[in-house]
Protein chains: 2
Amino acid sequence: MPETDGSALVDDLAARIRAKIMSGEIPIGAPLRQADLAAQFGISRTPVREALRQLQTGGLIEVVPNRGAVVRVPVPWEVREAYEVRAELESLAAKRAVDRLDDATIAELRAVNTAMYERSVALAAGAAPEHDGTANDQFHGLIYEASANTRLTRMLGEINDAFPRNVSALVLRDSARHREENFREHEALLEAFAAGDGVLAADLMRQHVLRAGEHLAHWYERRSSTVFTG
Amino acid sequence: MPETDGSALVDDLAARIRAKIMSGEIPIGAPLRQADLAAQFGISRTPVREALRQLQTGGLIEVVPNRGAVVRVPVPWEVREAYEVRAELESLAAKRAVDRLDDATIAELRAVNTAMYERSVALAAGAAPEHDGTANDQFHGLIYEASANTRLTRMLGEINDAFPRNVSALVLRDSARHREENFREHEALLEAFAAGDGVLAADLMRQHVLRAGEHLAHWYERRSSTVFTG
DNA sequence: GACCTTGTGATTGGATCCAATTATGGGCCC
DNA sequence: GGGCCCATAATTGGATCCAATCACAAGGTC
């Protein structure tokens, strides 16, 4: 998240590496060698170092002095902690958005939500997984934007970038039930938006995010148990 | 805020530069030349660049490509935005802390608060200003810690580091009234803690932070008007 | 045979070098 | 005399070089 501008190259680089991690192309726990990344992007190690440091401050990777960087392995309780915070922030975003959402944006939110749902149905039928999460992120992102608080938007972006939400795997895991639930919770939220009920929207959003966090934490729990002990 | 470890030198450097900015030694709007900083700390420009980038992602400084970095000039609405977020986060911290605070910590909080108050009285009598804010930060920091949520603690630290709260100036400005108010709000909060009333504590904290944010925003408003137009 | 020691390889961290970009000043033209 | 243009200085950005640190392995000693 290039807050200001900074060097375009380094920020782009950080974004690209982050994307590779988020998508799972660079898996959790994998080492990130500066020389490799530099060669891979056809540049010197200098900007790579700065990009890695940027990712490090975001908490996505871990840098051990003189030892190198690895993609951080999130522990389930960290996910729960983060989502407890995120729930509060998204709740605030929802409350603020209620007073600012126009009908067009609500319609857009509806469209995004149904599109996401329909795609999930197609996915259950065996369609290509193709980086999902974008639809969900888009839905929430529209609300961030509508909240009209740049700091809030920024901090939510930061928390969402905190650990890889290797979404395709998630999607496959709890396809039917979770998707249905997600869709319905979004719909309920939209109704609260349309009704202009800020208190309800804030509460629904809080619960929605907490539930999503629980799902993600479960996923990481499952993952760590299969990888490390099984 | 060295989340993990990273290079000790760069993180220390970032912390030291940040401290200089926070204390007002490097004033708002001042340019930060890499060569100067390097010479000043007796090192090369390389770590300085990384430290500056770290500060940039925190939003404390602004980096214009090929033009250099300047200490960011906060606009009052940014302060309000940030404090609206901070209020929500501190509220959550207070709520969580209620269930976790032991009597010893509550006593410590009380001690810190009264010490801060007494010092403010001495200050009004003409004592040395000496970097204040530490007491207030200590008070809130103890609550962060008691909330036992590392992510929450980290994000609060981040938001508190977002713009210079050149506290000595603030202290001088609204010495009597604001200090009294601050002390009493802390006391009320402590009572809620002692009573184990999480809802009340959360609400008191939210209002307390919002008020503090208003004070800070006012200060920046006043400052910008005197500096830029007067 | 196990443990400690030492040497070597790999990788990061810091310093220096060079290129690219931009502000600034002087000179020229209108 | 004012405005435009070009040259130069200053500063950042990227590349390369060298030192420092750490892991790992081989050899020696008890």
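All chains are named by letter (A, B, ...) in the order of the sequence lines, taking the proteins before the strands, and each is independently numbered beginning at 1.
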Touch check for Leu32(A), heavy atoms < 4.0 angstrom, all strands: base, sugar-phosphate only, or nothing?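 Touches sugar-phosphate only.
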To the nearest angstrom, how far is [X] atom [atom1] from [N] atom [atom2]?
X	N	atom1	atom2	value
Asn66(A)	dC22(D)	CG	C1'	7 Å
Asp12(A)	dG13(D)	CG	C1'	14 Å
Gln34(A)	dC17(D)	CD	P	17 Å
Ile43(A)	dA15(D)	CD1	C1'	11 Å
Asp11(A)	dG14(D)	CG	C1'	15 Å
Leu13(B)	dG14(C)	CG	C1'	12 Å
Gln56(B)	dT12(D)	CD	P	14 Å
Phe41(B)	dA15(C)	CZ	C1'	18 Å

CD of Gln207(A): more than 12 outside heavy atoms within 6.0 angstrom?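 Counting neighbours around CD of Gln207(A), more than 12 heavy atoms of other residues, nucleotides or ligands fall under 6.0 Å, so yes.
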Taking only N and O in the side chain of [X], is any of them less than 4.0 Å away from OP1 or OP2 of [N]?
X	N	value
Ser44(A)	dA15(D)	yes
Arg33(A)	dT11(C)	yes
Arg67(A)	dA23(D)	yes

Going through the distances and angles, do Glu221(B) and Arg80(B) end up as a salt bridge (Lys or Arg N to Asp or Glu O under 4.0 Å)? CA-CA 11 Å; Glu221(B) 246 159 27; Arg80(B) 283 184 232 277; 2.4 Å; yes
State whether Lys20(A) and Glu25(A) are salt-bridged, where the test is any N-O pair (Lys NZ or Arg NE/NH1/NH2 against Asp/Glu carboxylate O) under 4.0 Å. yes
Would you call Glu78(B) and Arg151(A) a salt bridge, taking side-chain N to carboxylate O under 4.0 Å as the test?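 So Glu78(B) does not pair with Arg151(A) through a salt bridge.
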Out of Glu84(A), Glu90(A), Glu88(A), which one pairs with Arg86(A) under the salt bridge (charged side-chain N to carboxylate O under 4.0 Å, His left out) rule?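 Of Glu84(A), Glu90(A), Glu88(A), salt bridge (charged side-chain N to carboxylate O under 4.0 Å, His left out) with Arg86(A) is met by Glu90(A) alone.
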His186(B) vs His208(B) aromatic rings, parallel, tilted or perpendicular, using cut-offs 30° and 60°? perpendicular
In terms of the nearest nucleotide of DNA chain D, which residue is placed more toward the 5' end: Ala35(B) or Thr46(B)? Ala35(B)
Taking donor-acceptor contacts at under 3.5 Å, does the side chain of Arg45(A) reach the base of dG13(C)? yes
Between the base of dG14(C) and the side chain of Arg49(B), is there a donor-acceptor distance below 3.5 Å?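 Donor-acceptor pair under 3.5 Å: no.
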Difference in axis direction between the ends of the helix from dG1(C)-dC30(D) to dC30(C)-dG1(D), five pairs, 10°: 0°
Please report the C-alpha distance between Asn160(B) and Tyr144(B) in whole Å, then the side-chain angles of each, then the deciding distance to 0.1 Å, and finally whether the side-chain hydrogen bond (donor to acceptor under 3.5 Å, both in side chains) criterion is met. CA-CA 12 Å; Asn160(B) 286 334; Tyr144(B) 301 168; 3.0 Å; yes
